[in-house]
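Just so you know, these numbers come straight off a predicted model, no measurement behind them.
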Amino acid sequence: MKRREFLAVLGGAALARPGMASADTPGRIYRIGTVTPIVPVTAESPGGKILVKVLEERGFKLGQNLTFEARGALGDVAMLPSLMSELKAKNVDVIVIIGYPTAMAAKAAGLATVAASGVGDPVETRLIESLAHPGGKITGISDVAATLSAKRLSLLKELSPKLTKVAMLWNKDDLGMTMRYQASAKAAQALGLTVQALGVREPDDFDEAFSVMNNDLPDGILMVADALTILNRERVFEFAAVRKLPAIYEFDQFARDGGLMSYGADSSESFERAAALVARIFNGANPGDLPFELPTRYPLVINLKTAKSTGLEIPPTLLALADEVIE
């Protein structure tokens, strides 16, 4: 198993020396909240455990000087403003969020915010002023959609050399994800691929998307991740498996959940770096003065079990590139 690391354009210093910052105000209680458009990130969930661990290394200990409040909209983004109000009433010092709609709700609420993932390009969406100087009360982890989109498509083509038409699924109501789709479509065109655009807004739209693909079968699928597509991921997995279509997803959780292949930011690293930013805010830093960071690890995860069950053969050259193979 190999791990390839890419240099981050911004940040990284927050993780360099875990002991450099500590909670040194006797008697003070530090309050962290988490908000996602799907299930809550609790202190016992994988991401929450990482937050707690990294914060503990910096002197913020759950049950002693740290409290943890978790909220999730369960796919109903209209709930996000009320969830922000709940955390504001709890006097949280900082919230860790996932997703562009969540980031916008946090911004409207005026809460100190660290975006762990899923916000797309925060400058293009006007969430922040610049990566180096976000402004306002938000910082976090960004991505490089254009570069990653081209890489995902090249990996899909490596898997299926005859790939000429790729179906792209994304949430049309999410500006951040729409821009990620646009970056993917542009990358596809540069590679000479035809794009079958399948924007969805609600769960019932997936049936229509499947119908379109049935009538005009693509050679592969690329799905952009947000709350809607995450909650309906198994339907996409099943469709791709029945049609024996190679598919690639953005985050490692998709391949681990049964998707064929994923390439994107390492989710564990994203939470580690988010926690480091939270610690800096606890220690007095203004979120808007902390540069948005870019991930340094982008694992390629291949689910060989899914490939075998659907009759898709993974080329040895592609397996050799994988950071993780699920068997």
If hydrophobic clusters are built from ILVMFWY residues whose side chains come within less than 4.5 Å, do [X] and [Y] share one?
{"X": "Val301", "Y": "Leu318", "result": "no"}
{"X": "Leu222", "Y": "Leu245", "result": "no"}
{"X": "Leu228", "Y": "Val119", "result": "no"}
{"X": "Phe237", "Y": "Leu155", "result": "no"}
{"X": "Leu175", "Y": "Met104", "result": "yes"}

*Exercise: do Arg243 and Asn214 side chains pair donor with acceptor under 3.5 Å*: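 Note: Arg243 and Asn214 side chains meet the donor-acceptor criterion.
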
So which atom in [X] and which in [Y] form the shortest heavy-atom distance, rounded to 0.1 Å?
{"X": "Gly176", "Y": "Tyr100", "result": "N-CD2, 3.6 Å"}
{"X": "Asp323", "Y": "Pro299", "result": "OD2-CA, 3.3 Å"}
{"X": "Gly136", "Y": "Asn286", "result": "O-OD1, 3.8 Å"}
{"X": "Pro40", "Y": "Ala70", "result": "CB-CB, 4.0 Å"}
{"X": "Ala209", "Y": "Leu169", "result": "CB-CD2, 3.8 Å"}
{"X": "Leu300", "Y": "Met261", "result": "CD1-CG, 3.7 Å"}

*Quick one: do Val278 and Leu55 satisfy side chain to side chain contact (heavy atoms under 4.5 Å, CB included)? Show the steps, please.*
CA-CA 8 Å; Val278 169; Leu55 286 171; 3.9 Å; yes

Are [X] and [Y] packed together at the side-chain level, in the sense that at least one heavy-atom pair is separated by less than 4.5 angstrom?
{"X": "Ile38", "Y": "Leu74", "value": "no"}
{"X": "Ile97", "Y": "Val114", "value": "no"}
{"X": "Trp170", "Y": "Val200", "value": "no"}
{"X": "Leu290", "Y": "Arg280", "value": "yes"}
{"X": "Lys157", "Y": "Leu191", "value": "no"}
{"X": "Glu293", "Y": "Leu277", "value": "yes"}
{"X": "Thr34", "Y": "Arg71", "value": "no"}
{"X": "Met213", "Y": "Leu198", "value": "yes"}

*Take Lys172 and Asp226, measure what salt bridge (Lys or Arg N to Asp or Glu O under 4.0 Å) needs, and give me the verdict at the end.*
CA-CA 10 Å; Lys172 291 196 291 187; Asp226 83 310; over 6 Å; no

Judged by atom type as modelled, is there a donor-acceptor pair below 3.5 Å linking the side chain of [X] to the main-chain atoms of [Y]?
{"X": "Thr36", "Y": "Ile98", "value": "no"}
{"X": "Thr113", "Y": "Leu111", "value": "yes"}
{"X": "Asn65", "Y": "Arg28", "value": "no"}
{"X": "Glu250", "Y": "Ala225", "value": "yes"}

*Report, as yes or no, whether the 6.0 Å neighbourhood of atom CD on Glu208 holds more than 12 heavy atoms from other residues, nucleotides or ligands.*
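Counting neighbours around CD of Glu208, 12 or fewer heavy atoms of other residues, nucleotides or ligands fall under 6.0 Å, so no.
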
*May I ask you to check whether over 12 heavy atoms, not counting those of Glu238, lie within 6.0 Å of atom CD?*
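At most 12 heavy atoms, drawn from other residues, nucleotides or ligands, come within 6.0 Å of this atom.
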
Does the distance from a Lys or Arg side-chain N to an Asp or Glu carboxylate O, for [X] and [Y], drop under 4.0 Å?
{"X": "Glu44", "Y": "Lys49", "value": "no"}
{"X": "Arg180", "Y": "Asp174", "value": "no"}
{"X": "Lys53", "Y": "Glu272", "value": "no"}
{"X": "Glu124", "Y": "Arg126", "value": "no"}
{"X": "Asp252", "Y": "Arg297", "value": "no"}
{"X": "Glu69", "Y": "Arg31", "value": "no"}
{"X": "Arg273", "Y": "Glu269", "value": "yes"}
{"X": "Glu313", "Y": "Lys308", "value": "no"}
{"X": "Asp216", "Y": "Lys165", "value": "yes"}
{"X": "Asp173", "Y": "Arg201", "value": "yes"}
{"X": "Lys162", "Y": "Asp219", "value": "no"}

*side chain to side chain contact (heavy atoms under 4.5 Å, CB included) between Val123 and Ile128: does it pass, once the steps are laid out?*
CA-CA 5 Å; Val123 178; Ile128 62 173; 4.0 Å; yes

*Is the Tyr249 ring parallel, tilted or perpendicular to the Phe254 ring (thresholds 30°, 60°)?*
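The arrangement is parallel - the two ring planes meet at less than 30°.
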
_Residue from Asp204, Asp207, Asp205 passing salt bridge (charged side-chain N to carboxylate O under 4.0 Å, His left out) with Arg235_ =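 Going through Asp204, Asp207, Asp205 one by one, the salt bridge (charged side-chain N to carboxylate O under 4.0 Å, His left out) with Arg235 is satisfied by Asp207 alone.
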
*Looking at residues at least two apart in the chain, or sitting in another chain, which of them share a ring-ring contact (aromatic ring centres under 6.0 Å, His included) with Phe239?*
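Testing Phe239 for ring-ring contact (aromatic ring centres under 6.0 Å, His included), a comparison that skips the adjacent residues, returns Phe210.
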
